[in-house]
Amino acid sequence: MPSGALLFQSVILGLLLGGLYALLAAGLTLYFGIMRVVMIAHSAFLILAAYLAWWSHSRLGVDPLLSMVVTVPLFFGCGVLLQRLLLARLRPVTLTMMSVLLTFAIAVVIEGLLGYVFTGTQRRIQLGYGSASFGLFGARIAVVKLIAFGLAAVALAALYLLMKKTTFGWALRATIQHRDAARLVGIETDRVAGYGFGIGLATAAVGGTALALDTTIYPSLHWHWIGPLMAIIVVGGLGSVPGAAMAAMVLGLMQSLLQIPLGTTWAQTIFYLALFATLAFRPQGFFGGRLAQRF
Amino acid sequence: MTEVRSLATANLTKAFGGVVALDGATVTFRHGQVNALIGPNGSGKTTFFNCVTGMIRPDSGQTTYRGQDITRRAPHAIVRAGIGRTFQLCRVFPRMSALDNVLAAVRPAGLVGQLRGARARVEVDRAWGWLTRLGIEHLADVEARTMSWGQQKLLELAGVLMSDPETVLLDEPAGGVNPALLDRIGTLVRELNAEGRTFVIVEHNMDLVMSVSDHIVVFDRGRPIAEGPPSLIRTDERVLGAYLGV
Amino acid sequence: MASEIELVDVQAGYGRAAPVLRGLTVSVPAGTIVCLVGPNGAGKSTVLKVASGLLKPRTGRILVGGVDVTGQGPQRMLASGVAHVLQGHSVFREMTVAENVLLGGYTLKDKALVAERTAFVKELFPVVAQRWGSLAGLLSGGQQKQVEFARSLMVNPKVVLLDEPSMGLDPKATSTVFEQVVRMRDAGTAVLLVEQNARRALENADLGCVLDLGRVHISGPAGQLLADPQLGELYLGGRPAEPPVSPKR
Amino acid sequence: SGDGGGSNTADDPIVIGISLPLTGDFSEPGKGVQRGYEAWAKITNDKGGLLGRKVELKILDDQSNADRVVADYEQLIGSDQVDLVVGPFSTRLVVPAARVAEEYGMLFVEPAGAAKEVFEQGFKNLFYAAPAVANDHYNHLADYLLALPPDQRPKTAAYAAMDDPFAQGTAYGLKEKLAAGGIRTVVDEVYPPNTTDFGSIAAKIAASRADLVVGGSQYQDGVNLIVALQQLQYQPKLAAFSTAPTNPEFAAAIGNKTEGILAPTGYTQKAPYPSNKEFVEKYTAQFGTPPEEDEANAYTTGQVVAAAVTAVGCAEQGACQQKLVDWVRSNTVETVVGPLSWDATGKPKGAHMIQQWVGGEIQIVLPADAKEADLIYPKPAW
Amino acid sequence: MTLARRPVGRIVPAVAVLVLAAAVLSFPSLAPNPYILSAGVVVLNYAVLSTSWNFVGGFTGYISLGHGALAGLGAYGTALLVTRAGLPSFVALAVAALLVAALAVPIGFAALRVRGASFVIVSIALVLILLLVFQSWASLTGGSRGLVVPRPFPGLLRPEHHRVFYFLFAGLLGLALLAWWLIDRSRFGLGLKAIREDEDKAEALGTPTFAYKLVVFVVSAGFTALAGGLYALWFGDLDPVFQFSILTGSYMVLMALLGGVRHLFGPVVGALVVGFALEYFKVEFGNTPLHLVATGLLLALVVLFMPDGVLPAIGGLLNRLSRPTQSSIREVTAAQLRDERAAASAAEGTRDRGDAAAATAGGRPQSTRERA
Ligand SMILES: Nc1ncnc2c1ncn2[C@@H]1O[C@H](COP(=O)(O)OP(=O)(O)OP(=O)(O)O)[C@@H](O)[C@H]1O
Ligand SMILES: Nc1ncnc2c1ncn2[C@@H]1O[C@H](COP(=O)(O)OP(=O)(O)OP(=O)(O)O)[C@@H](O)[C@H]1O
Ligand SMILES: CC(C)C[C@H](N)C(=O)O
Ligand SMILES: [Mg+2]
Ligand SMILES: [Mg+2]
């Protein structure tokens, strides 16, 4: 029987981990629920951002958090270009299908280039405060994990407000749902779709930086993230940012707690069990689910 | 005239959240007749079709077809029982040719039937016949997605007729169809009816409804408010108030 | 009378296929309703798409208020005062009725005007007010059409292109739509109307134009076209249904 | 060799085919192995080659992929007609690669198939060119701990091992011996190779307050686990991790909090064996840094093959290979890791040394006859 | 118009089949060394896998990135039946394929409930979850230590071994192609394609869509498992990381898509191209991860510029060269059409009506003159 202290520590670790999952899933939710694009390359961009953070820290001596000043706009730009130059060329009828393959290709290209430039070596940012922590009722909270959590929270809130409260959010959703009609009400659909994608990638930049603070990175790491993230957005309800956040927190927590009795490997299956349970009982997702149609 | 009950519902109810789309609808359509189902926008006509064909589950109530309860059957099973339908927002198979669209409506039976060639001579000829009768045979090799709205509408109709249903539910067959062609569709309905097919037509085009139907059911707020032959409906107070709006 | 919008000798088509419009000229003066009729697949919707910039013509010119705007996209066209209501269903299905209607005023900067227009369309189409907060994709077919028309009423364009606005509408709503079309005309808007409800449309229109094979077949005052028996049989319908082939059992 | 096998003249180089994980999961050690092989080829050629012929390496990348490694050796042997082959890195790749070599009847000396599974396949041509297999890496440490007076002896131990035959082999080799000696196992975790978040595993270990923590690690997982343990301020009496602490970048990677960490090693640059001095010198001259264990293992592999070729006097496909195999099986070879000989399964018969981080430097502490410093137990706080 | 194209439409595939079969069967004797032969085995394995994938992907349009898992199950199933149950190799292969097909029923039941993007996610999840299970359940599967599959023909030298398996794979490919072809031309196949186009509409036309999807999924799983199992017998070493990898499934998709999912030989062509390309990139960019970049670029190019695959792209090109652009517009005005129709019915008397009525009643019209 695990001790109370271990349980409490695991809860804390789970919540911190969940926060990171939430941020990473949020971008996916954006492309996926709102733009109908299955963005396999999201986690590859995540790793790319993490590499840039690592690189600026170890080669330029810049604090990884500062690297976001460059990576966030850079990724936004990449996203716009990606959408305008590549995804926009796909036929709307087969968008979902083909976007899987196209973004898969992008993921592989990124992985290959990362491997080429940075080699396959596992990397880890060596921060002065890397192993620093403080106590909370007997549990320890690592400073880096808390920073990552904070980044996630801020980015998520910003994303939510942007989608729900601004005309841009409306224009984006309108663009995806009926492109011609959106053009006819005066929306610059090309630009809007590009920006939408850019914002998604910008969340990857933030997420990647947060990720780099406390884990090892290597070029093929993105495969490791795809599964849990995909599961999270389905459980949360495709297209729902708050849903994804909730699902991420809950699953992160469960993973952390299940690790005590089951060990690392089996604990990961919780994501897939939750995925199948969702599909079986509530295909529209457990937390979001405003969508009218199944995809 | 025969008085055989064809399609009948009892107390069919369906609510979407707060919106009650069907409110205890009890309707009977007679076999061998052309029936019309009319009513204002949002009165539940399409929902009625959806419930009857199994596309959505009613909250309560019953559907019977020729005495059999079909309420909880899967849509394809209901088609097999003899009820075919078209959609209001017309639906065709976009990347299939018009001919294949029509051929896809053939319902094979048994394992051997399933594995038989899809382009058997008999069926191709039949499909061709339907395309011709609806005036779109020149589009036989054209992918459906490149057709105009009205052409798709006609193609959908051809598909349903190909599946050879005993009872045909048409949801706004006239929407977007050229009036000259509409006359031909009216004629077609009467011809098919003469062969013994039952029709239930949802339509806002009163000329078509009045000229083609034997029996009209008027819906308002999810339940019938009047029914009878065209002559009666044309003058019914409630219908005038709720629907025709004069 | 100067034309508000003019398509001159337009050729247009989709992809690599043969042209759909083959040298077509249409013009709509301000304060006039021009009604386009023709068989299915004649190219009526294509004319409107070319006029609103959704489809670029292969050759020919488009003039709005006398200015050549050939090749401009829909956003620019809207800015020049051309609005287009699509055929079929083009509501934003996963957005609320409110969001749909308000997006109709996407280009408006004036908050007060938006509010005023919103109130107007809510009154015109009760369903818009009743279902303000529900997802548009969940409305019935006719209700969606109404929302769509309401959306197009949020702006006050110089040219309106309407592609079968009455399709799927019940008689009441159809009347409302035709009333609005006439009101627009009376307010000086140029209306290019495509209708399969051809007789009713021609009754309300000033000019009529029969399209066949991607060309203008006949054009003239609406009343004159209505009176032509040959046109009636070929394009406008209205013959009584043929008697049933065999007697009914 | 341009003209395909068979008609070798004395001037033709001896081509040695190798597939290595230059990309993918094992790319880092894979490159170390590559450097080791290259150093061996250069040093050999500088001395006039083998049998008077130059040595030429043909290296393919297997992307750390088992399918690829098989295709590579297939290509090297079947299509490129190399004269000799030597092994790739890591047990996972060694096993399928060895099967190809076996079925083509080639001698297969390998630098990195340390797990016991390698020797359970019934291979007759395989030889592991290092002192000991994974399960025996900690033998000296186990002896030391069990020899401590009962009151000083650790009571509890926590194990965490990567799900990898080699990594688990090291940790479980020690676990078996300690458990038999009465040291209770309080945590026994296995994590998949791609694990990057060690928070929960560390939490479990920290909560158990085990006296002794043993990590069956390759490299980065060891670093991550140590940092996670440090974040939780867990202070064991003894901490041992396989391979990671011997890596030159290890100290920086964990923020220099290395005090007292133990690791087994099969190689040390200071080893007194005659060929080692030459190796360290020339290697350092060639690459700028002294060689590590992976490089040394590859070099050792080269030495074993060279000894066999020189003794038998041939190096080509065909009957020659069996003679080479027979020679290796029945002889002892002097290498940079000491004299090596093998049992019937190709298992080496030596043992590993134990190193410990003392005062910011890693030093050999066991066995007593090779030690550079004394083992510090309990270890200072990290 | 439909009729006129038929003879050509029949001769071309027939010739293609013959040429392909001849090329495939003569390859082993032409292969200069065992390595090339083994590469041939790999390509054939790819071809079987992607053809198997194409039962689901091509007909129903459900994109599964998880078919690698089914191949992995086939491989492990075969291996475990040989090592644990002591079955003869090829009996084990057949039993394993049947077991996987049976297992595909519940899997399909869960996965085929959702469409489009959700299905893609489920299929990815399938691979990942099986990877976890096969890694963790070491007592049965050997875990990450891997599993060694005993050779079915222990006495055989390696080149002979390759040759035997080459023909086994070729046979399996032939079987898969035959099955695909049968379904493609059948009514069942047309129903599946209808599902691909619009599932609800297909259901409304009376197609039991769920049963159709499930059946074809099971068939696909069976062939995939056969390919996986045969690979296990050929290759000999199983490691969960490689058996349950998203990349395997993705390559299947890439190959099928590259060749053209609507074509019988699309996946085979795709497998050839990908097989060569992978080999070429490996040689060209040998020791850098640039081969990944090249693979990615290849995939991206296909998706962007040949979304229907190589075969349709070539076909389209030939068509454009040989035929003028055709129009879907009726080339006669409404008035001409009326006159034509009137003339036709006058000439044929009452037969026109008779025809139509017969057609409606499901009877056989006497003439097909309309199609001249
Ligand atoms: N899936 C759904 N979710 C929520 N509400 C729905 C749904 N489907 C229909 N409704 C509502 O049910 C009511 C009836 O809709 P229905 O489509 O049956 O009307 P209809 O009679 O076919 O109208 P129309 O003539 O406009 O086609 C409408 O108010 C509609 O908004
Ligand atoms: N997206 C498209 N791609 C290719 N061809 C098209 C496309 N849309 C329409 N067409 C073709 O162009 C021709 C004219 O179509 P259009 O939609 O303009 O007809 P329409 O007159 O509006 O007909 P309807 O009354 O049926 O709406 C048709 O023959 C149609 O097949
Ligand atoms: C000692 C090491 C070179 C062994 C290697 N890490 C293996 O996997 O077997
Ligand atoms: Mg309706
Ligand atoms: Mg149109």
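All chains are named by letter (A, B, ...) in the order of the sequence lines, taking the proteins before the strands, and each is independently numbered beginning at 1. Below, each value reflects all heavy atoms present in this structure, side chains not excepted, and no hydrogens, waters or symmetry copies.
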Just give me the residue among B:Gly42, B:Gly175, B:Ala174 that pairs up with chain C most often, heavy atom to heavy atom, under 4.5 Å.
-> B:Gly42
Residue selection (most heavy-atom pairs with chain B, distance under 4.5 Å) from C:Gly38, C:Gly15, C:Ala173 = C:Gly38
Interface check, chain B: of C:Gly88, C:Ser134, C:Ala198, C:Ser45, most non-hydrogen pairs under 4.5 Å belong to C:Gly88
Is there a donor-acceptor pair closer than 3.5 Å between any side-chain N or O of B:Asn41 and the backbone N or O of C:Gln143?
-> no
Go through B:Thr47, B:Leu208, B:Val19 and name the one with the most non-hydrogen pairs under 4.5 angstrom from chain C.
-> B:Val19
For B:Arg221, look at atom CZ and say whether over 12 heavy atoms of other residues, nucleotides or ligands are found less than 6.0 Å away.
-> no
With respect to chain C, which residue among B:Leu182, B:Val177, B:Ile185, B:Leu89 yields the maximal number of heavy-atom pairs within a distance under 4.5 Å?
-> B:Val177
With a cut-off of 6.0 Å (strictly less than), are more than 12 heavy atoms of other residues, nucleotides or ligands near CZ of C:Arg58?
-> yes
Just how far is it from atom CD1 of B:Ile38 to atom CG of C:Asp170, taken to the nearest 0.5 Å?
-> 10.5 Å
Which bit of C:Gln130 is near chain B, if near means a heavy-atom gap under 4.5 Å: side chain, backbone, both or neither?
-> neither
Give, for atom CH2 of B:Trp149 and atom CE of C:Met167, the distance between the pair rounded to the nearest 0.5 Å.
-> 4.5 Å
Please lay out, stage by stage, how B:Ser148 and C:Asn40 fare under the test side-chain contact (heavy atoms from CB on, under 4.5 Å).
-> CA-CA 7 Å; B:Ser148 81; C:Asn40 292 118; 4.3 Å; yes
Distance in Å, B:His204 NE2 paired with C:Lys172 NZ, rounded so as to fall on 0.5 Å steps | 12.5 Å
Side chain, backbone, both or neither: which part of C:Leu169 has an atom under 4.5 Å from a heavy atom of chain B?
-> both
Rounded distance (nearest 0.5 Å) linking atom CG of B:Asn178 with atom NZ of C:Lys44 = 6.5 Å
